[in-house]
Q: 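Shown below is the structure under consideration.
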Amino acid sequence: MVMMVVMVPGGECSRRGSHNEEQCYSQNFLHGLNPSTIPLRRGAPKRCSTKTANGPASKAVFPHRNEQQAYTENTMGAQAASSNLSHKRYFFEKFGITERLLERCLGEALSAGGDYADLYFESVAATALGVDEQIVKSASQGTSAGCGIRVLSGERTGYAYTDNLSPERLLHAARTAALIASGPARQPIQGFTETRSADLYPVPLGGFDLDLAARLELILRADRAARAYDPRIVQVRAGYSEELRRILVVASDGAFASDTQPLCRLNVFVIAKEDAITTRGSAGGGGRAGLEQFVGSKSPEGLAQEAARGAVLQLGAVPAPAGEMQVVLGPGWPGILLHEAVGHGLEADFNRKKTSAFTGLIGQPVASPKVTVVDNGTIAGRRGSLNVDDEGSPTQEIVLIENGVLKGYLSDKLSARLMNMPNTGSGRRESYQAIPMPRMTNTYMLSGEDDPQDILRSVKRGLYAVNFGGGQVDITNGKFVFSASEAYLIEDGKVTAPVRDATLIGNGPEALKYVSMVGNDLKLDEGIGTCGKDGQSVPVGVGMPTIKLDRMTVGGTGR
C-alpha cells in the first residue's frame, strides 16, 4: 500500500495543544530525580545552537556501494559485543535494504526537482495488556513496518508512505512524493555520512524477551495493592504497554542515522465510593527501559497506592474556591501546564506561520526573571528522550527562556531552513505514516533558590495544586484551562483542606510574568506523558520545581 500526503505551503498544523488524561493518566508528583541526572539550576544548559555534545559526524558510511558489507561487518561490530548497534544493520538484514536502493529512492524523490528529500524506515514491536476488575480484558502483541518518503520544495511538502518495503513499492512511493516539485532533476546522492549520537537507553534485551506472564503479574500486583489500600476502593483498572521501535533515516544531504528505542509504561486507575460521592484516582510510571524500572515509587504497589490515595483523598475534599488568588504549583507533573501553555507556543512551525503568542519575541522578556525553561532530549532513560530525532538529527538541551527572556524556538529541518535558524533536533513524528514537525521532548523549568516550605508560608490565602488531569490551550493567544486532580487550600501559610473541581484559567505568557518564587526542588514526572499535536501523539516528559504565582484565576464552586 502506498499513501500520499501533499502539504500546502507551510503545512496545516493544529493551532491547539492539548493533554488528555485518558492518554496519560495523572502522574505521581512525589517522585524525584537524582540531582546528578539533570541540570538543577539556571545557567547550566547550552544556548540554542547547531553544536551538539556528540561531536562531528563520522565520514563516509557508504562511500562506495561495494563497501556496505565491510561497514556491516567491521564498523557496526558484533551483536554480542554491543547490542545497541543492532539497529544500524536491522533494515539491511531484515528487509534486504541496500545502499544502492537508498540512493535510487532519493534520486526518484528528487527527479522533479525539490530542495531536499529523506526516507524514514520504521519497525515497531508492541505489547499491551489490560486488567479490569481482576479480569484480563485485553492482550495484544504485534509488529508493523513501513517507510515514509518526504520531499521539500520551498515551503511545500510532498509525502508518501508504504507498508511494503520491496524495491518496487519504495520507488513508487518516492515518485509519488516527488509530484510536489516541478523543476529539473536534482543530482542523486552518492554515499552517506553517519550521524553520531548518544546512547541514552541501552536496549533492555532481557526485559523485552520475557513472556506475557511476567508483564501480567505486574498489573495484577497493582490491582491487588489498590484494593488492599482502602475498602472504599470499588473499581481498579491497570494496564501495561511496551514497544521496541527501530528507525533508519537517510537524506539527500547525506545524513544517515539509526536508533532502537525501547519504551514501557504501567498505569493504574481506581474509583472510590462513599455514600453518594464517587471519586477517581490514577498514577503511572515508565520510561525507556525494561521491566527492571518498575521498583520503588514506580513499583506496581507504589503506583497503585498513589492512585488509591488520590481517590480516597477526594472523598473528603471541599468545593474549590473561585476567583483570582495566589497559586502554588507543586513540583513534577504540574509542569504539564508549562508544556501546554508555553511549550507549544515555542515550536518553530507555529512561529513561522505567525500563529503563536510568542512570534517575534526572541530577545524580549516573556516571563519573570526567576524563570528559566529548557527542553532537553538528552536525559538518559526518560520517556521524552531520543538519541536522534525522527529526521536523524541528534537531540539537544535547548534553553528556551533564560531569566525571563525568550532565547529561541524548537525547530526541525524545514523550519530551520525557512527561518534561517539552527536545527535543534526537534523533528518528531508519530510513525512512518506521518510527517515530522517541531515537538518537545522533556520540557521543564529549572530550580530556583527558594525553600518550598517558605513558598507555602508566604501565601495568606490561595491554592496549592500538586497534580493535574486534563487541560487545553489555544496556541494563538496562550489562553489555557487546566483541571487540578489534587489541590489544597492554603490558609495563613499552611496547607489545609483538600479541594475538588478546581480549574486554573489563564494566559501562558502572562502567567509566567507573575512567578515570584521558584523552589529548589525540581522534579520530573514519572514518565507516561503523551503529547498530541495535529493528530500525532508522541511520548514526552515534563517537570518543574515548586513555584508561586502571585495572580491566577481559579474556577470552582466554593467561596
Side-chain angles (χ1 to χ4, degrees), residues 11-27 124 241 243 245 261 263-265 267 282 284-288 332-351 355-358 373-379 382-386 389-391 395-398 400 409-412 415 424-431 433-445 467-476 478 480-483 485 508 524-544:
E12 290 295 334
C13 288
S14 168
R15 294 186 180 184
R16 302 183 72 87
S18 65
H19 177 81
N20 190 298
E21 183 175 349
E22 287 300 309
Q23 278 185 319
C24 307
Y25 299 86
S26 298
Q27 311 296 298
V124 179
S241 62
E243 69 176 30
R245 181 185 304 267
Q261 302 165 352
L263 190 64
C264 296
R265 71 177 184 182
N267 300 316
S282 57
R288 296 196 180 277
W333 182 244
I336 187 61
L337 191 150
L338 182 73
H339 168 104
E340 292 290 358
V342 177
H344 278 296
L346 298 180
E347 292 166 340
D349 51 348
F350 292 124
N351 290 278
T355 57
S356 167
F358 293 96
V373 178
V374 301
D375 186 85
N376 187 355
T378 68
I379 308 173
R382 296 298 306 183
R383 179 173 171 86
S385 296
L386 295 166
D389 72 358
D390 293 327
E391 295 180 309
T395 56
Q396 302 180 41
E397 182 182 349
I398 308 300
L400 298 172
Y409 305 128
L410 297 173
S411 64
D412 59 358
S415 292
T424 62
S426 304
R428 303 187 65 185
R429 65 182 96 196
E430 183 176 72
S431 74
Q433 299 179 11
I435 62 169
M437 62 183 72
R439 303 294 297 269
M440 287 171 277
T441 55
N442 303 298
T443 309
Y444 51 91
M445 184 185 299
N467 216 340
F468 284 90
Q472 194 170 44
V473 61
D474 188 330
I475 303 300
T476 61
F480 63 82
V481 178
F482 270 86
S483 60
S485 58
L524 299 190
D525 72 285
E526 285 281 14
I528 57 172
T530 298
C531 173
K533 174 182 175 182
D534 196 25
Q536 296 190 46
S537 296
V538 296
V540 296
V542 301
M544 68 163 40

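Note that these values count all heavy atoms, side chains included, but never hydrogens, waters or copies made by symmetry. Everything quoted here is computed from the prediction, not taken from an experiment.
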Q: Short question: side chain of Ser356, backbone of Asn351 - any donor-acceptor pair under 3.5 Å?
A: no
Q: Quick one about Asp375 and Thr441 (side-chain donor to acceptor, distance below 3.5 Å, no hydrogens or angles considered), yes or no?
A: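 Yes - a donor-acceptor pair under 3.5 Å links their side chains.
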Q: Might you work through the side chain to side chain contact (heavy atoms under 4.5 Å, CB included) test for Phe358 and Val342, ending with a clear yes or no?
A: CA-CA 9 Å; Phe358 293 96; Val342 177; 3.9 Å; yes
Q: What heavy-atom pair brings Pro436 and Gly427 nearest, and what distance separates the two atoms?
A: CB-C, 4.4 Å
Q: Rounded to the nearest 0.5 Å, how far apart are CD of Glu347 and OG1 of Thr355?
A: 10.5 Å
Q: Within this structure, what is the CD-CD distance for the pair Gln472 and Glu340, rounded to the nearest 0.5 Å?
A: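 Rounded to the nearest 0.5 Å, the CD-CD separation comes to 9.0 Å.
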Q: Using the side chain to side chain contact (heavy atoms under 4.5 Å, CB included) rule, take Lys533 and Ile475 through it: C-alpha gap first, then chi angles, then the decisive distance, then the call.
A: CA-CA 11 Å; Lys533 174 182 175 182; Ile475 303 300; over 6 Å; no
Q: For residues Pro438 and Ala348, report the shortest heavy-atom separation together with the two atoms involved.
A: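 That closest heavy-atom pairing would be CB-N, 4.0 Å.
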Q: Are the side chain of Arg382 and the backbone of Gly541 linked by a donor-acceptor contact shorter than 3.5 Å?
A: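 Not confirmed, Arg382 side chain does not pair with Gly541 backbone.
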Q: Donor-acceptor check, side chain of Arg428 to backbone of Pro539, threshold 3.5 angstrom: yes or no?
A: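 At least one qualifying donor-acceptor pair exists.
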Q: Keeping the roles fixed (side chain from Thr395, backbone from Leu386), state whether a donor-acceptor pair exists under 3.5 Å.
A: yes
Q: Ignoring hydrogens and geometry beyond distance, is a side-chain donor-acceptor pair present between Asp389 and Ser426 at under 3.5 Å?
A: no
Q: Does the Arg288 side chain pair with the main chain of Ser385, one donor and one acceptor, at a distance under 3.5 Å?
A: yes
Q: Got a second to check how far Leu524's CG is from Asn442's CG, nearest 0.5 Å?
A: 6.5 Å
Q: State, to 0.1 Å, how close His339 and Val542 come at their nearest heavy-atom pair, and which atoms those are.
A: CB-CG1, 3.7 Å
Q: Examine distances only and state if a side-chain atom of Arg383 and a backbone atom of Gly529 form a donor-acceptor pair shorter than 3.5 Å.
A: yes
Q: Can you see which heavy atom on Ala341 is nearest to which on Phe480, and at what distance?
A: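 Answer, listing the atom of Ala341 first, then Phe480: CB-CD2, 3.4 Å.
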Q: Just one of Val538, Asn376, Leu410, Leu346 clears the side chain to side chain contact (heavy atoms under 4.5 Å, CB included) bar with Met440, so which one?
A: Leu410
Q: Quick one: pull up CG in Leu400 and CE in Met445 and give me the separation to the nearest 0.5 Å.
A: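 Between Leu400 CG and Met445 CE, I get 11.5 Å after rounding to 0.5 Å.
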Q: Within this structure, what is the CD-CD distance for the pair Gln433 and Gln536, rounded to the nearest 0.5 Å?
A: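 One gets 10.5 Å once the value is rounded to the nearest 0.5 Å.
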Q: Mind checking the NE2-CZ spacing from His344 to Arg439? Nearest 0.5 Å is all I need.
A: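 It is 6.5 Å, given to the nearest 0.5 Å.
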Q: Pick from Val373, Ile379, Asp525: which one makes a side chain to side chain contact (heavy atoms under 4.5 Å, CB included) with Tyr444?
A: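 Running side chain to side chain contact (heavy atoms under 4.5 Å, CB included) over Val373, Ile379, Asp525 with Tyr444 returns exactly one hit, Ile379.
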